[in-house]
Amino acid sequence: MNIPTREQALELFRKYNKSESLLKHALSVEAVMRYMARKSGEDEEKWGVIGLIHDLDYEMYPEQHCKMTEKILKENNWPEEYIRAVLSHGWGLASDVEPVSLLEKTIYAMDELTGLVATSALVRPTRSVLDMEVRSVKKKWNDRKFAAGVNREVIEKGAEMLGVKLDDLINDCIMGMREVAEEIGLKGSV
Ligand SMILES: [Fe+2]
Ligand SMILES: [Fe+2]
């Protein structure tokens with residue numbers, strides 16, 4: 001079985017997703033996964049590709065989230081390791097694949113957090129992630145009406161699994177997203 005390239009992953013993602021916001025989310029998670037892979041000396045391409053493809057089925061099959069992704073990736077002969085990691089991001093909500101590896105725990109912890117970081121950046125005066133700090137996200141943590149769709153419990157559970165402090169996880173997420181600030185529409189006026 002061939003290792004999927006970033007180009008193949010992006011092509012497949014675009015085939016199933018036309019929404020700009022889902023693409024930005026995919027690029028955000030990809031960037032954070034790449035940042036985290038580099039930080040821990042892991043395979044950056046693999047981590048990035050898994051981040052990019054993780055919500056493949058969300059636009060067309062939101063009710064069958066993860067299940068359809070599994071089917072499509074199998075049809076496309078993706079390696080089992082990649083499919084497992086993708087499914088683990090939805091553990092407890094959309095899949096029963098518990099995150100075990102560092103890669104899996106990382107995508108589980110970071111997926112929802114990218115949403116909170118993005119929404120928190122957009123209410124800042126600069127509308128940018130480039131000059132944003134952890135406290136901007138922390139301020140919104142307990143305001144459950146803010147970015148109400150973001151599941152804080154999943155993020156906390158993810159940080160716990162990784163054995164890292166929430167503040168450090170948020171910082172890493174911001175750092176990763178900064179690398180694609182322009183592409184994800186969070187460069188703002190900085
Ligand atoms: Fe998802
Ligand atoms: Fe996601």
Side-chain angles (χ1 to χ4, degrees), residues 4 6 9-37 46-74 76 78 81-122 129 137 140 146-159 161-162 166 169-170 172-181 183-186:
R6 180 181 195 269
L10 189 58
E11 194 184 317
L12 186 62
F13 186 84
R14 285 189 189 279
K15 187 174 159 192
Y16 286 90
N17 293 276
K18 306 298 168 206
S19 126
E20 189 66 23
S21 65
L22 274 171
L23 178 62
K24 283 178 181 167
H25 173 63
L27 294 174
S28 301
V29 176
E30 180 197 6
V32 173
M33 290 302 286
R34 282 181 180 274
Y35 176 84
M36 295 303 284
K46 184 203 283 178
W47 286 45
V49 160
I50 288 166
L52 182 60
I53 208 73
H54 81 283
D55 274 338
L56 177 64
D57 62 7
Y58 201 70
E59 184 173 297
M60 290 177 72
Y61 312 101
E63 303 301 321
Q64 294 158 275
H65 185 40
C66 288
K67 303 186 180 52
M68 286 304 288
T69 298
E70 182 177 17
K71 185 169 178 280
I72 298 163
L73 293 182
K74 276 186 177 157
N76 283 270
W78 275 48
E81 185 197 356
Y82 282 59
I83 298 175
R84 215 204 104 85
V86 163
L87 298 181
S88 76
H89 93 268
W91 181 54
L93 299 167
S95 91
D96 52 12
V97 179
E98 185 173 350
V100 174
S101 67
L102 182 61
L103 190 171
E104 291 168 356
K105 290 174 184 171
T106 304
I107 195 166
Y108 177 80
M110 289 296 196
D111 175 31
E112 295 277 314
L113 185 52
T114 61
L116 187 60
V117 169
T119 317
S120 304
L122 287 172
V129 81
V137 181
K140 303 291 183 191
F146 181 85
V150 172
N151 190 325
R152 273 83 161 163
E153 285 71 37
V154 165
I155 302 170
E156 283 165 353
K157 204 186 285 181
M161 275 181 196
L162 288 167
L166 188 57
L169 192 77
I170 295 170
D172 282 339
C173 190
I174 294 171
M175 296 302 281
M177 288 173 72
R178 278 186 188 171
E179 294 181 356
V180 290
E183 293 92 319
I184 61 176
L186 293 177

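Source: prediction; values computed, not measured. Each ligand, and each atom within it, is numbered from 1 in the order the structure gives.
A salt bridge is defined here as a Lys NZ or Arg NE, NH1 or NH2 lying under 4.0 Å from an Asp or Glu carboxylate O, and Glu11 with Lys15 fails to meet this definition. Using a 4.0 Å cut-off between a side-chain N of Lys or Arg and a carboxylate O of Asp or Glu, Glu30 and Arg34 qualify as a salt bridge.
The Fe ion (ligand 2) has His25 NE2, His54 NE2, Asp55 OD2, Asp111 OD1 as protein N, O or S atoms under 2.8 Å away.
Atom-to-atom distance recorded for Lys24:NZ and Thr114:OG1 is 13.5 Å, nearest 0.5 angstrom.
Atom OH of Tyr82 has more than 12 neighbouring heavy atoms from other residues, nucleotides or ligands inside a 6.0 Å radius.
Val154 places a side-chain heavy atom less than 4.5 Å from the side chain of Leu93. The closest side-chain heavy-atom distance from Tyr16 to Glu59 is not below 4.5 Å.
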